[in-house]
Colleague: 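Okay, here's the structure, questions in a sec.
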Amino acid sequence: MKNLIIRSLPLFVLLFFISCNTPKEKKTPLATDVETASQKKTVILAIDGGGIKGILPAYFLTQIEAKLSGEKSYRLFDVIGGTSTGGIISIGLTAPYHSDNSPRTAQEVLDFYMNDCNKIFYPNDQPTGPLYYAHEYGLEPFLQSMLGSTTPLSVAARTLPKKKVKQVFTTTYTINSTGGIIKDPKMGKDYGPYLFNWYDALQDSSHDYYLWEAARATSAAPTYFPVAHVGGGSGTRSSADERWSVDGGVMTNDPSVWAITEALRSGAASSIDDIVVVSLGCGIYPQGAGLELFNDAVNHQPYGQKYGFWGDDDWGLDLKNLAGDDTANSIITETTLNANQFVAATQLEQFANTTGLEYYRVQMTLPSNLTAMDNCKITNALLTHAKNYVSSAAGQKQLNDIVTTINNNL
């Protein structure tokens, strides 16, 4: 649901005040004001990917806003960014929507997940291709109706009233810039990590994508949705650079490290010591974070898949997790989605121990029946799970600690 960092006053300004003040005036007021201002930190909101499990971080944000007098997230955080469903939430929280150009509340974003799941996941009825449509039906039309079909990132950056947020981003990975053969590809343009974001959109129109494109590209999960085709100026796409992109979760399911680099790159913060990170996960099923190795042989090799004797075909299959249940995704997908979020959390925990970085990670533990990213039948159960967590002693402590920190830096 998160103005400028005020640095110490220059020496000549301090001397000016000292020369003009009486001895009584120079004792505390000026020193206290400067000290208080220098303690303000850049507060970041980073939201993981996880499909319909975005209900968990969205609900947690409703509670942050409620405890801070109903203030919307764009006035609580300095940097807001997300991956996949977290990217959709991030754009939703910062896209002009109401008559005064203010964005939605966290509750209004949560309502999409609760009421419109079937509009997002529109099944592909063809014998081949991804599980869900995203062009004429499903994800793209939904995002356009939610965010506007022609509203660019730069407009959101310029028009939000009384905003605190300075940088908004979504993560993605570009796999092509034209869709064809590229003989001399350049990283950043033709392939590689890419962030749709306010800062670059304001600097250069080639990065000024529509809001829905930023949300569509970050959520183009392989096997779930078609590759996202954004920019290029044809059809309903913006005139920004053409890109074919996939879900940011293939590289960064937890975008917290990106959020820190964006705070520094955009000038929202000048040092990691000036930063608070509030990182919201979409839940973790611990038994699903690993795989059973001693499974039954099922292919033509003497050892089959047993004892990890896995080749190209085997890594694409669904095996058993640590609880003995079938994995929700292929072995390689399951491993990748878990690994890249754990890496970010582990790195930031170490930074928090050795620098001035403040780091809060909210990651609820899920039962196996709430792990699917695309099951619209579990929305109510996910919401109940989130409510139960927040009402628990651990959840209340996390929520209160985060709210206190945000409030101290407003």
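Side chains included, hydrogens not; waters and symmetry mates left out as well; all remaining heavy atoms used.
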Colleague: Hey, are Q287 and D325 close enough side-chain-wise for a donor-acceptor pair under 3.5 Å?
Modeller: no

Colleague: Do L139 and R216 come close enough that some side-chain heavy atom pair is under 4.5 Å?
Modeller: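 They are in contact (side-chain heavy atoms under 4.5 Å apart), so the answer is yes.
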
Colleague: In a check of side-chain contact (heavy atoms from CB on, under 4.5 Å) between Y389 and each of T365, L399, L56, V362, which one passes?
Modeller: V362

Colleague: Taking the cut-offs as 6.0 angstrom to the six-membered ring centre and 45 degrees off its axis, would you call R243 and Y194 a cation-pi pair?
Modeller: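 Yes, R243 sits over the ring of Y194.
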
Colleague: Between V277 and Y360, is a side-chain contact (heavy atoms from CB on, under 4.5 Å) present by the stated rule, with each step listed?
Modeller: CA-CA 6 Å; V277 176; Y360 300 90; over 6 Å; no

Colleague: With rounding to the nearest 0.5 Å, note down the distance linking NZ in K164 to CD1 in I80.
Modeller: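 Result: 10.5 Å between the selected atoms.
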
Colleague: State, without any angle test, whether T159 and N101 hold a side-chain donor-acceptor pair at a distance under 3.5 Å.
Modeller: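 No - no donor-acceptor pair under 3.5 Å links their side chains.
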
Colleague: How are the rings of Y122 and Y137 set to each other: parallel, tilted or perpendicular (split at 30° and 60°)?
Modeller: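 The rings of Y122 and Y137 lie parallel, inter-plane angle below 30°.
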
Colleague: Test your reading of the model: is there a side-chain donor-acceptor pair from T355 to the backbone of L357, 3.5 Å cut-off?
Modeller: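 Looks like yes, one N/O pair under 3.5 Å.
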
Colleague: Work out which heavy atom in P286 is nearest to a heavy atom in I284; give both atom names and the distance.
Modeller: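 Answer, listing the atom of P286 first, then I284: CD-O, 3.3 Å.
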
Colleague: For E108 and Y97: C-alpha separation, side-chain torsions, deciding distance, then whether side-chain contact (heavy atoms from CB on, under 4.5 Å) applies.
Modeller: CA-CA 11 Å; E108 288 173 312; Y97 174 68; 4.2 Å; yes

Colleague: Is the shortest heavy-atom distance from the side chain of L348 to the side chain of R361 under 4.5 Å?
Modeller: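 They are not in side-chain contact.
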
Colleague: Between T261 and W258 (side chain of the first, backbone of the second, donor and acceptor by atom type, cut-off under 3.5 Å), is there such a pair?
Modeller: yes

Colleague: Report the C-alpha separation of D125 and Y133 in whole Å, then their side-chain angles, then the decisive distance to 0.1 Å, and conclude whether the side chain to side chain donor-acceptor pair (under 3.5 Å) test is met.
Modeller: CA-CA 9 Å; D125 57 4; Y133 283 109; 2.7 Å; yes

Colleague: Look up atom CD in Q144 and atom CH2 in W212, then write down how far apart they are to the nearest 0.5 Å.
Modeller: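 Here the interatomic distance stands at 5.0 Å.
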
Colleague: When you look at S270 and D274, which way does the side chain to side chain donor-acceptor pair (under 3.5 Å) test go after all the steps?
Modeller: CA-CA 7 Å; S270 61; D274 301 328; 3.0 Å; yes

Colleague: Looking only at side-chain N and O atoms, does D111 offer a donor or acceptor that is under 3.5 Å from a partner on Q107?
Modeller: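 A donor-acceptor contact under 3.5 Å links the two side chains.
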
Colleague: Compare all side-chain heavy atoms of L280 with those of D48 and state whether any distance is below 4.5 angstrom.
Modeller: no

Colleague: Under the side chain to side chain donor-acceptor pair (under 3.5 Å) criterion, do N340 and T252 qualify, and how do the steps go?
Modeller: CA-CA 6 Å; N340 68 35; T252 314; over 6 Å; no

Colleague: What's the shortest heavy-atom distance between A352 and Y359, and which atoms?
Modeller: CB-CB, 4.0 Å

Colleague: Identify the heavy atoms of G54 and Y113 that sit nearest to each other, and give their distance.
Modeller: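 Residues G54 and Y113, closest heavy atoms: CA-CE2, 4.1 Å.
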
Colleague: Is there a donor-acceptor contact under 3.5 Å from the side chain of T327 to the main chain of N321?
Modeller: no

Colleague: Test side-chain contact (heavy atoms from CB on, under 4.5 Å) on V165 and V79; report intermediate values, then the result.
Modeller: CA-CA 6 Å; V165 65; V79 175; 5.7 Å; no

Colleague: Ignoring hydrogens and angles, tell me if any N or O in the side chain of K40 forms a donor-acceptor pair with the backbone of L410 under 3.5 Å.
Modeller: yes

Colleague: Can F60 and V390 be said to form a side-chain contact (heavy atoms from CB on, under 4.5 Å), step by step?
Modeller: CA-CA 7 Å; F60 198 87; V390 171; 3.8 Å; yes

Colleague: Can you tell me how far CD of Q347 sits from OG of S256, rounded to the nearest 0.5 angstrom?
Modeller: 10.5 Å

Colleague: Would you say F351 has more than 12 foreign heavy atoms packed within less than 6.0 Å of its CZ?
Modeller: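 Not buried by this count: 12 neighbours or fewer within 6.0 Å.
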
Colleague: Evaluate the ring-ring contact (aromatic ring centres under 6.0 Å, His included) criterion for residues Y199 and F169: first the C-alpha distance (whole Å), next the side-chain angles of each, then the deciding distance (0.1 Å), finally the verdict.
Modeller: CA-CA 9 Å; Y199 181 77; F169 70 90; over 10 Å; no

Colleague: Checking the side chain of T83 only, and the main-chain atoms of G86 only, is there a donor and an acceptor separated by less than 3.5 Å?
Modeller: no

Colleague: So, taking the atom named CG in L211 and the one named CD1 in I88, what distance separates them when rounded to the nearest 0.5 Å?
Modeller: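 Output value for this atom pair is 12.5 Å.
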
Colleague: Is there a side-chain contact between I91 and T218 in this structure, where contact means two heavy atoms from C-beta onward sitting under 4.5 Å apart?
Modeller: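 Result no, sub-4.5 Å side-chain heavy-atom pair not found.
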
Colleague: How long is the gap from CD1 on I331 to OG1 on T336, to the nearest 0.5 Å?
Modeller: 11.5 Å

Colleague: Step by step, work out the salt bridge (Lys or Arg N to Asp or Glu O under 4.0 Å) result for D78 and K163.
Modeller: CA-CA 9 Å; D78 297 282; K163 65 180 183 290; over 6 Å; no

Colleague: Ignoring hydrogens, what is the shortest heavy-atom contact between K72 and S102? Give both atom names and the distance.
Modeller: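 Looking at all heavy atoms of both residues, the shortest contact is NZ-OG, 3.1 Å.
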
Colleague: Within this structure, what is the CD1-CD distance for the pair I120 and E140, rounded to the nearest 0.5 Å?
Modeller: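 Between I120 CD1 and E140 CD, I get 13.5 Å after rounding to 0.5 Å.
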
Colleague: Between I272 and L264, which heavy-atom pair has the shortest distance, and what is it?
Modeller: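 Scanning both residues, the minimum pair turns out to be N-CD2, 4.2 Å.
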
Colleague: Evaluate the side-chain proximity of V230 to D241: yes if any heavy-atom separation is below 4.5 Å, no if none is.
Modeller: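 With C-beta onward as the side chain, the pair stays apart.
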
Colleague: Please determine whether side chain to side chain donor-acceptor pair (under 3.5 Å) holds for the pair D374 and Y132, giving the CA-CA distance in whole Å, both sets of side-chain angles, and the decisive distance to 0.1 Å.
Modeller: CA-CA 10 Å; D374 58 341; Y132 302 101; 2.7 Å; yes

Colleague: Between E213 (side chain) and G231 (backbone), is there a donor-acceptor pair under 3.5 Å?
Modeller: yes

Colleague: Tell me whether D312 at atom CG has more than 12 heavy atoms from other residues, nucleotides or ligands lying less than 6.0 Å away.
Modeller: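 No.
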
Colleague: Tell me if a side-chain donor or acceptor on N338 pairs with a main-chain N or O of E334 at a distance below 3.5 Å.
Modeller: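 Yes, the answer is positive, given that a donor and an acceptor are paired below the 3.5 Å cut-off.
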
Colleague: Donor-acceptor check, side chain of T371 to backbone of S368, threshold 3.5 angstrom: yes or no?
Modeller: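 Confirmed, T371 side chain pairs with S368 backbone.
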
Colleague: Ring centroids only, cut at 6.0 angstrom: are F225 and F121 within range, meaning strictly under it?
Modeller: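 Yes, the ring centres sit under 6.0 Å apart.
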
Colleague: Grab the two heavy atoms, one from L153 and one from A201, that are nearest each other, plus how far apart they are.
Modeller: CB-CB, 3.7 Å

Colleague: Please check if the side chain of K67 supplies one atom and the backbone of E65 the other of a donor-acceptor pair under 3.5 Å.
Modeller: no

Colleague: For the pair W315 and W310, name the ring-plane relationship: parallel under 30°, tilted 30 to 60°, perpendicular over 60°.
Modeller: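 Correct class here is perpendicular.
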
Colleague: Do E242 and K189 have side chains that approach each other closer than 4.5 Å (heavy atoms only, starting at C-beta)?
Modeller: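 When only atoms from C-beta onward are counted, K189 and E242 do not touch, as no gap falls below 4.5 Å.
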
Colleague: Flag the pair T151 / Y210 as yes when at least one side-chain heavy-atom distance between them is below 4.5 Å, and no otherwise.
Modeller: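 Side-chain contact under 4.5 Å: no.
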
Colleague: Is R265 salt-bridged to D200, cutoff N-O under 4.0 Å?
Modeller: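 Salt bridge flag = yes for D200 with R265.
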
Colleague: Do I52 and T85 make a side-chain contact, defined as non-hydrogen atoms from C-beta onward lying under 4.5 Å apart?
Modeller: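 The answer is no, as the side chains (C-beta and beyond) never meet within the 4.5 Å cut-off.
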
Colleague: Under a 3.5 Å distance rule, please check whether E71 uses its side chain to pair with a backbone N or O of L68 as donor and acceptor.
Modeller: no

Colleague: Taking NZ, NE, NH1 and NH2 as the nitrogens, is one of them in D326 or K320 under 4.0 Å from a carboxylate oxygen of the other?
Modeller: yes

